[in-house]
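Down below is the structure, laid out as structure tokens.
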Amino acid sequence: MPSIGGYHPYRLASILTVNPIEHVWDMLSRRIVSRQPPPTCLLELGWALLDEWCNIPQDQIDNLILSMHRRCKACIASSGRHTPY
């Protein structure tokens, strides 16, 4: 399989900068932490996760998707090192 900017595509997918799901997990985590009252058991946590997952605004997801081209370019330009994302 060809490399992209010296990186195997599998390696690129694991870099936080170009992996939008990591940003979605971060959004979800922040939403769970801010819940009042917080979940007190695994069952409540499961329901809270489902509730918060369903309530992440679609525009935030869309913005992550639309930023992929810019994120990939920044990652390639930095040879996989730190980027501003």
Side-chain angles (χ1 to χ4, degrees):
M1 185 174 286
S3 67
I4 301 171
Y7 283 88
H8 188 279
Y10 177 78
R11 171 75 176 111
L12 273 179
S14 69
I15 298 172
L16 175 63
T17 303
V18 294
N19 194 344
I21 194 65
E22 295 298 332
H23 297 278
V24 176
W25 288 130
D26 182 59
M27 281 188 262
L28 185 59
S29 174
R30 290 171 190 265
R31 294 172 73 95
I32 292 295
V33 168
S34 69
R35 285 180 76 97
Q36 291 300 323
T40 59
C41 66
L42 286 178
L43 183 61
E44 285 182 14
L45 178 59
W47 285 113
L49 286 166
L50 182 60
D51 181 52
E52 295 298 348
W53 180 266
C54 291
N55 288 306
I56 293 175
Q58 186 60 46
D59 66 321
Q60 290 183 3
I61 304 297
D62 293 344
N63 286 339
L64 282 172
I65 293 166
L66 293 172
S67 72
M68 285 305 298
H69 179 73
R70 189 174 65 249
R71 291 171 184 274
C72 288
K73 282 178 67 173
C75 186
I76 290 167
S78 72
S79 298
R81 291 184 297 274
H82 178 74
T83 67
Y85 295 101

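This structure is a prediction, so every number in the text was calculated from the model and none was measured. Starting from 1, each residue takes its place in the sequence as its number.
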Would you kindly confirm whether [X] and [Y] end up in one hydrophobic cluster when ILVMFWY residues are joined by side chain heavy atoms under 4.5 Å apart?
{"X": "M68", "Y": "V24", "answer": "no"}
{"X": "W25", "Y": "L50", "answer": "no"}
{"X": "V33", "Y": "M27", "answer": "no"}

| field | Gap between atom CD1 of I32 and atom CG of L49 - 0.5 Å precision | value |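 Rounded to the nearest 0.5 Å, the CG-CD1 separation comes to 4.0 Å.
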| request: Measure from the side-chain N and O atoms of N63 to the backbone N and O of D59, and report whether any donor-acceptor pair falls under 3.5 Å. | output: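 Answer holds: yes.
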| Do you know which two heavy atoms are closest between N55 and R31, and how far apart they sit? |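 Closest heavy-atom pair between N55 and R31: O-NH2, 3.0 Å.
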| said: Quick check: do I61 and Q58 have side-chain heavy atoms less than 4.5 Å from each other? | reply: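 They are in contact (side-chain heavy atoms under 4.5 Å apart), so the answer is yes.
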For residues 39-46, tabulate all N or O donor-acceptor pairs below 3.5 Å that involve a side-chain atom, not counting sequence neighbours.
residue : atom : partner : partner atom : Å
T40     : OG1  : E44     : OE1          : 3.0
T40     : OG1  : E44     : OE2          : 3.2
E44     : OE1  : T40     : N            : 2.8

| message | Tell me every residue that passes salt bridge (charged side-chain N to carboxylate O under 4.0 Å, His left out) with R35, counting only those two or more places apart in sequence or in another chain. | response | D51, E52
